[in-house]
> 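Here it is, the structure, as structure tokens.
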Amino acid sequence: MKRCFIFAAGTFYGLRERPAAGDFVIAADAGYLVCRRTGIVPDLLLGDFDSMDQPADFANVHRSPVEKDDTDTMLAVRTALDRGCGEIYIYGGTGGKRLDHTLANLQTLLFIRRRGARGYLYDDDFVWTVLENESLTIEKTVEWGLFSAFCLGDRAEGIDEDGFQYPLRDAVLTPEFPLGVSNHILEPTAVITVRRGALAVGWQLPPLCSR
């Protein structure tokens with residue numbers, strides 16, 4: 001499956017995996033600075049350059065207008081999907097001073113899923129993805145590792161959580177009450193299922209040795 005790594009302009013908490021040969025790498029605006037710092041050469045630099053000046057020494061640039069419907073990260077996601085990428089890893093999509101961009105990127109994960117791909121949004125020793133009308137198996141990589149699930153939409157029904165401290169069976173999650181926050185993964189693998197609706201789910205990752 002073709003993969004895309006997107007580096008956005010939010011907080012960078014460290015790289016979980018370096019892009020490999022054949023992966024498509026996009027720097028979204030000031031995400032280019034993270035690429036420079038980590039020694040990664042992006043295939044494409046795009047954005048409106050409101051958070052950094054457009055570099056003069058990088059050739060493959062797509063400059064977008066400041067006044068637009070898409071965030072720079074969404075532009076990068078659309079580009080990745082157009083290139084046929086089935087897995088999209090987003091770094092720098094959370095943190096910083098812009099909670100609105102974090103929320104926008106969580107919604108973007110649903111945009112990705114509804115187009116047949118899966119996105120992963122990396123936070124501080126945490127990763128988020130979205131599932132809709134399906135099951136997802138998660139490996140425990142941290143003892144007593146945290147897990148949270150939130151409804152994306154009016155309601156999500158038929159939710160099972162197996163392998164967690166607080167199991168659920170045929171439960172309902174709604175956007176007005178955070179029932180799914182702060183569970184813990186107990187088993188070597190845990191399974192989250194939603195039969196009708198969409199969930200944003202996140203789980204804890206091992207701390208990185210260096211940032």
Side-chain angles (χ1 to χ4, degrees), residues 1-52 54-55 58-96 98 100-124 126-134 136-138 152-153 198-203 205:
M1 182 178 294
K2 188 173 182 179
R3 307 190 305 173
C4 178
F5 287 72
I6 294 173
F7 294 90
T11 303
F12 178 65
Y13 296 103
L15 189 62
R16 292 281 163 180
E17 177 186 2
R18 295 188 71 84
D23 292 336
F24 185 47
V25 180
I26 304 174
D29 208 311
Y32 178 72
L33 302 177
V34 173
C35 290
R36 299 257 327 239
R37 194 162 79 240
T38 55
I40 294 171
V41 179
D43 298 292
L44 175 65
L45 168 60
L46 56 72
D48 52 25
F49 298 99
D50 62 348
S51 56
M52 63 168 267
Q54 181 177 329
F58 190 83
N60 195 12
V61 177
H62 172 74
R63 187 170 190 127
S64 61
V66 174
E67 295 183 357
K68 60 186 186 304
D69 291 334
D70 289 343
T71 65
D72 290 334
T73 304
M74 178 60 89
L75 283 175
V77 163
R78 288 185 187 274
T79 303
L81 293 171
D82 288 344
R83 296 288 187 100
C85 296
E87 292 182 346
I88 300 173
Y89 303 89
I90 303 173
Y91 288 91
T94 68
R98 298 293 302 271
D100 54 345
H101 276 286
T102 298
L103 293 172
N105 290 329
L106 284 169
Q107 288 187 323
T108 298
L109 293 177
L110 182 57
F111 179 90
I112 294 169
R113 192 71 194 115
R114 286 184 172 176
R115 282 148 186 84
R118 184 174 297 284
Y120 297 93
L121 177 65
Y122 288 92
D123 194 34
D124 190 4
F126 227 79
V127 62
W128 292 89
T129 192
V130 161
L131 61 157
E132 185 171 32
N133 306 333
E134 60 184 319
L136 182 69
T137 300
I138 300 166
L152 289 178
L199 297 177
V201 299
W203 61 94
L205 299 174

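No experiment lies behind these values; they were computed from the predicted model shown. FYI, side chains are in, hydrogens and waters are out, and symmetry mates aren't considered; it's all heavy atoms of this structure.
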> Restricting to non-hydrogen atoms, name the atom on Gly92 and the atom on Ala8 that form the minimum distance, rounded to 0.1 Å.
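In this case the closest contact between Gly92 and Ala8 is O-CB, 3.2 Å.
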
> Determine, stepwise, if the pair Tyr89 / Leu15 fulfils side chain to side chain contact (heavy atoms under 4.5 Å, CB included).
CA-CA 10 Å; Tyr89 303 89; Leu15 189 62; over 6 Å; no

> Are Phe58 and Tyr32 near enough that their ring centres are under 6.0 Å apart?
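They qualify: ring centres under 6.0 Å apart.
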
> Below 4.5 Å, heavy atoms only, C-beta onward: do Phe111 and Asn105 meet side chain to side chain?
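Phe111 vs Asn105: side chains apart.
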
> Inspect the surroundings of CZ in Arg3 and state if more than 12 heavy atoms from other residues, nucleotides or ligands are less than 6.0 Å away.
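More than 12 heavy atoms, drawn from other residues, nucleotides or ligands, come within 6.0 Å of this atom.
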
> Only one of Asp70, Thr73, Thr108 passes side-chain hydrogen bond (donor to acceptor under 3.5 Å, both in side chains) with Arg78; say which it is.
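Exactly one candidate clears the test, Asp70.
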
> Between Val77 and Ile6, does the side chain to side chain contact (heavy atoms under 4.5 Å, CB included) criterion hold? Intermediate values first, please.
CA-CA 8 Å; Val77 163; Ile6 294 173; 3.8 Å; yes

> To the nearest 0.5 Å, what is the distance between CD1 on Ile112 and CD on Gln107?
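One finds 12.5 Å between CD1 of Ile112 and CD of Gln107.
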
> Checking Phe126 against Thr94 for the side chain to side chain contact (heavy atoms under 4.5 Å, CB included) test, could you report, in this order, the C-alpha distance in whole Å, the side-chain angles of both residues, the deciding distance, and whether it holds?
CA-CA 11 Å; Phe126 227 79; Thr94 68; over 6 Å; no

> Identify the two heavy atoms, one from Ala117 and one from Leu81, that lie closest to each other, and give their separation to 0.1 Å.
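Answer, listing the atom of Ala117 first, then Leu81: CB-CD2, 3.8 Å.
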
> What heavy-atom pair brings Ala80 and Cys4 nearest, and what distance separates the two atoms?
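Minimum heavy-atom separation between Ala80 and Cys4: CB-SG, 3.6 Å.
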
> How close do Tyr120 and Leu109 get, counting heavy atoms only, and between which atoms?
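Residues Tyr120 and Leu109, closest heavy atoms: N-CD2, 3.9 Å.
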
> So, do Leu136 and Trp203 sit near enough that their side-chain heavy atoms are less than 4.5 Å apart?
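Counting from C-beta outward, Leu136 and Trp203 do come under 4.5 Å.
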
> Quick one: are Leu33 and Phe12 in side-chain contact, heavy atoms under 4.5 Å?
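Side chain of Leu33 against side chain of Phe12, heavy atoms only: no contact under 4.5 Å found.
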
> In Å, rounded to the nearest 0.5 Å, how long is the span from SG of Cys35 to CZ of Phe7?
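Answer rounded to 0.5 Å: 5.0 Å.
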
> Hey, what's the ring geometry for Tyr91 with Phe5, parallel, tilted or perpendicular (30° and 60° as the breaks)?
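Judged by the thresholds at 30° and 60°, the geometry between Tyr91 and Phe5 is parallel.
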
> Taking all heavy atoms of Leu106 and all of Val130, pick out the closest pair and write down the distance.
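Looking at all heavy atoms of both residues, the shortest contact is O-CG2, 4.1 Å.
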
> In Å, rounded to the nearest 0.5 Å, how long is the span from OG1 of Thr11 to CG of Asp123?
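If I round to the nearest 0.5 Å, the distance is 8.5 Å.
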
> Could you go step by step and tell me if Ile26 and Asp43 meet the side chain to side chain contact (heavy atoms under 4.5 Å, CB included) rule?
CA-CA 6 Å; Ile26 304 174; Asp43 298 292; over 6 Å; no

> Are side-chain heavy atoms of Val25 and Ile40 found at a separation under 4.5 Å?
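They are in contact (side-chain heavy atoms under 4.5 Å apart), so the answer is yes.
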
> Output the distance between atom CZ (Arg63) and atom CG (Leu45), rounded to the nearest 0.5 Å.
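Output value for this atom pair is 10.0 Å.
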
> What are the two closest heavy atoms between Lys2 and Arg83, and how far apart are they?
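For Lys2 versus Arg83, the nearest heavy atoms are NZ-O, 3.5 Å.
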
> Would you compute the distance between atom CG of Leu131 and atom CG of Leu110 and round it to the nearest 0.5 angstrom?
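The CG atom of Leu110 is 10.0 Å from CG of Leu131, to the nearest 0.5 Å.
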
> Could you measure the distance from the OG1 atom of Thr79 to the CG atom of Leu44? Nearest 0.5 Å is fine.
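The CG atom of Leu44 is 6.0 Å from OG1 of Thr79, to the nearest 0.5 Å.
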
> Which pairs count as salt bridge (charged side-chain N to carboxylate O under 4.0 Å, His left out) when at least one residue sits in residues 110-121, sequence neighbours excluded?
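Residue pairs passing salt bridge (charged side-chain N to carboxylate O under 4.0 Å, His left out), neighbours aside: Arg113-Glu134, Arg114-Glu132, Arg118-Glu134.
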
